[in-house]
Amino acid sequence: MRAESGSEPRYVDERSGATYPIDDPRWCGDDGAPLTVSALPGITREQVDTGARSLWRYRAALPVRIDAPVSLGEGCTPLVEKSWGEDRILFKLEWFSPTGSFKDRGTSVMISLLAQRGVREVIEDSSGNGGASVSAYCAAAGIRARILAPATTSPAKVLQSRAYGAEVQLVPGDRGATAAEALRQSAHTYYASHNWHPFFLQGTKTLAYELWEDLGFTAPDSVVTVAGAGSTVLGCDLGFSELLAAGQIAHRPRLLVAQPAHCAPLHAAFRAGAEAPVPFAHAPTIAEGTAIREPVRFPEVLRAIRRSDGDMAAIPEDAIAAAVRRLAAMGLYAEPTSATAAAAIEVFRARGAIRPGETTVVLLTGSGLKATPTMTELFAPEGGER
């Protein structure tokens with residue numbers, strides 16, 4: 001697919017304006033900045049490959065041709081309508097993805113590109129879901145994977161990566177220490193990072209295309225999600241921007257983004273009107289998938305939220321736990337990280353960001369099966385054995 005200007009797509013460093021050929025085997029700019037792909041024109045409903053029951057039905061929206069996708073059937077996840085207080089909410093159940101989280105969208109496209117280019121070994125750093133996803137798709141592609149994860153990562157998530165045949169290296173310290181170790185090791189092994197690689201976002205943007213198709217080729221009024229590194233925010237921004245450019249939707253959905261109050265660096269900067277990090281208090285959170293103090297694409301995430309006339313909320317631990325229980329009571333078994341988005345519904349409704357009669361989609365990004373120890377604590381019978 002050609003870029004919006006009619007030229008061939010390129011990698012772009014939005015901070016410096018530098019560009020690089022899209023066939024370069026790189027995952028960051030020469031100065032270490034994250035990259036995106038130059039603006040693409042989007043696709044029409046006629047370009048959706050309805051014969052593919054996966055995100056690859058939107059392959060025409062990708063910047064390069066992938067001849068042999070590494071696919072496990074990711075995408076085409078359920079959109080379920082439920083009552084949430086006074087509101088009718090559409091919950092997008094991304095845990096129906098093959099490894100149990102939304103990250104399979106980005107991983108499928110990223111690993112497909114790397115396999116096509118002959119990469120045979122990768123490293124990835126992850127608090128759990130990203131590592132499990134990369135492990136699975138590397139197994140499907142015949143690529144060796146080494147996953148670096150914080151030593152405190154949920155055992156179920158570590159087990160899942162190992163089950164796919166990946167080497168798992170547990171790193172002492174927090175999520176930042178794991179990322180630093182991955183960057184050190186990237187000097188000699190290809191870094192297939194879900195936070196860094198621009199083609200991961202090209203896969204994540206299919207979520208916007210899928211919602212567009214789910215809703216009869218229209219856009220929702222708002223999308224509520226949770227952010228750690230912010231890949232769902234950036235993916236929705238990319239996808240809906242392309243659909244807007246293609247004349248396929250009439251408006252850009254508001255991106256309403258939640259973070260746990262115990263680790264909310266993006267929220268702190270958003271509230272301060274800043275683009276760079278500002279001081280914030282942090283503590284351990286049950287929403288472990290979002291415990292990222294220094295998101296790689298910090299200013300880009302904030303710009304995406306503001307561009308959509310969106311909002312942010314910081315959610316207390318007790319409200320996250322309550323949302324986990326409330327979702328489960330209606331048959332939706334969401335891990336605390338993804339339940340944080342549901343916990344924010346009342347906050348955004350009270351502010352007028354969620355409005356009566358409008359279409360609101362809440363992204364539930366991961367299964368409760370991914371966080372069994374925490375879920376056990378949340379659902380232990382009173383006075384009974386845990």
Side-chain angles (χ1 to χ4, degrees), residues 1-49 52 54-71 74-75 105-120 122 137 141 143 186 190-210 212 231 233-249 252 296-297 299-301 303-304 307:
M1 170 178 279
R2 291 187 176 274
E4 243 177 356
S5 64
S7 60
E8 292 296 327
R10 294 178 64 83
Y11 289 135
V12 178
D13 175 351
E14 295 181 5
R15 301 176 189 180
S16 71
T19 67
Y20 307 91
I22 206 161
D23 57 359
D24 272 9
R26 62 167 62 243
W27 50 268
C28 69
D30 287 346
D31 62 355
L35 301 176
T36 56
V37 174
S38 53
L40 300 172
I43 62 173
T44 66
R45 67 176 72 184
E46 290 76 23
Q47 291 173 282
V48 175
D49 179 4
S54 72
L55 67 78
W56 291 94
R57 65 199 287 115
Y58 312 113
R59 70 174 71 201
L62 298 178
V64 301
R65 175 174 170 169
I66 303 291
D67 293 320
V70 180
S71 177
E74 58 292 322
R105 291 183 183 272
T107 304
S108 177
V109 173
M110 176 178 69
I111 295 300
S112 293
L113 177 79
L114 298 183
Q116 181 165 288
R117 293 182 174 172
V119 173
R120 306 312 306 156
V122 303
Y137 283 83
I143 294 174
S186 71
Y190 193 91
Y191 190 22
S193 169
H194 68 279
N195 290 329
W196 280 92
H197 203 289
F199 268 74
F200 188 89
L201 294 179
Q202 289 296 309
T204 306
K205 79 179 183 184
T206 64
L207 181 52
Y209 279 98
E210 192 168 302
W212 166 64
S231 58
V233 176
L234 293 169
C236 285
D237 179 59
L238 275 175
F240 287 123
S241 292
E242 291 175 13
L243 286 166
L244 200 59
Q248 298 301 299
I249 58 175
R252 187 190 301 274
V296 167
R297 301 177 185 271
E300 291 80 9
V301 174
R303 282 199 293 270
R307 180 161 47 242

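Under the 4.5 Å side-chain criterion, counting only non-hydrogen atoms from C-beta, Pro63 is in contact with Leu40. Using a 4.5 Å heavy-atom threshold, the side chains of Leu35 and Trp196 count as separate. Ser193 places none of its side-chain heavy atoms less than 4.5 Å from the side chain of Met110. Side-chain contact check for Tyr137 versus Val122: every heavy-atom pair is 4.5 Å or farther apart. Contact of the Leu238 side chain with the Tyr209 side chain is not registered, since no non-hydrogen atoms from C-beta on lie closer than 4.5 Å. Put simply, the side chain of Ile22 reaches to within 4.5 Å of the side chain of Val37, judged on heavy atoms. The closest side-chain heavy-atom distance from Glu300 to Val233 is not below 4.5 Å. Put simply, the side chain of Pro25 does not reach to within 4.5 Å of the side chain of Arg117, judged on heavy atoms.
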- Passes side chain to side chain contact (heavy atoms under 4.5 Å, CB included), Ser231 versus Leu201? Steps please. CA-CA 7 Å; Ser231 58; Leu201 294 179; 4.1 Å; yes

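Rounding to the nearest 0.5 Å places CZ of Arg303 at 11.5 Å from CZ of Arg297. Between the CD1 atom of Ile249 and the OG atom of Ser241 there is a distance of 8.0 Å, given to the nearest 0.5 Å. Going from atom OG1 of Thr36 over to atom CD of Glu14 covers 4.0 Å, rounded to the nearest 0.5 Å.
With sequence neighbours left out, the side chain to side chain donor-acceptor pair (under 3.5 Å) criterion links Arg307 to Asp237. Scanning for salt bridge (Lys or Arg N to Asp or Glu O under 4.0 Å) contacts around Arg45 gives an empty result, with sequence neighbours left out. For Asp31, there are no salt bridge (Lys or Arg N to Asp or Glu O under 4.0 Å) partners two or more places apart in sequence or in a different chain.
A distance-only check finds no donor-acceptor pair linking the side chain of Tyr58 to the backbone of Lys205 [under 3.5 Å]. Although no hydrogens or angles enter the test, the distance criterion places a donor-acceptor pair under 3.5 Å between the side chain of Arg57 and the main chain of Ala52. Between the side chain of Gln116 and the main chain of Asp67, a donor-acceptor pair closer than 3.5 Å is present. A donor-acceptor pair under 3.5 Å links the side-chain atoms of Gln47 to the main chain of Thr44, judged by distance alone. The backbone N or O of Val70 lies less than 3.5 Å from a partner atom in the side chain of Ser108, making a donor-acceptor pair. Judged by distance alone, with hydrogens and angles left aside, the side-chain atoms of Arg252 form no donor-acceptor pair with the main-chain N or O of Phe240 at under 3.5 Å.
Of all heavy-atom pairs between Gly235 and Ala208, the closest is O-CB, 4.4 Å. Closest approach of Leu243 and Ile43 over heavy atoms only: CD2-O, 4.0 Å. Across all their heavy atoms, Pro41 and Ala246 have their closest contact at O-CB, 3.3 Å. When every heavy atom of Glu242 is checked against every heavy atom of Ala61, the shortest pair comes out as OE1-O, 4.1 Å. When all heavy atoms are compared, the tightest approach of Ala141 to Ala115 is CB-CB, 4.3 Å.
Checking Thr107, Leu62, Val109 one by one against Phe199, the side-chain contact (heavy atoms from CB on, under 4.5 Å) holds for a single residue, Val109.
Because its NZ or CZ atom is both nearer than 6.0 Å to the ring centre of Tyr20 and within 45° of the ring axis, Arg26 counts as a cation-pi partner of that residue.
Between His197 and Tyr190, the two ring planes are tilted [angle within 30° to 60°]. Taking the six-membered ring where tryptophan is involved, the planes of Tyr191 and Trp27 are perpendicular, since the angle between them exceeds 60° and thus also 30°.
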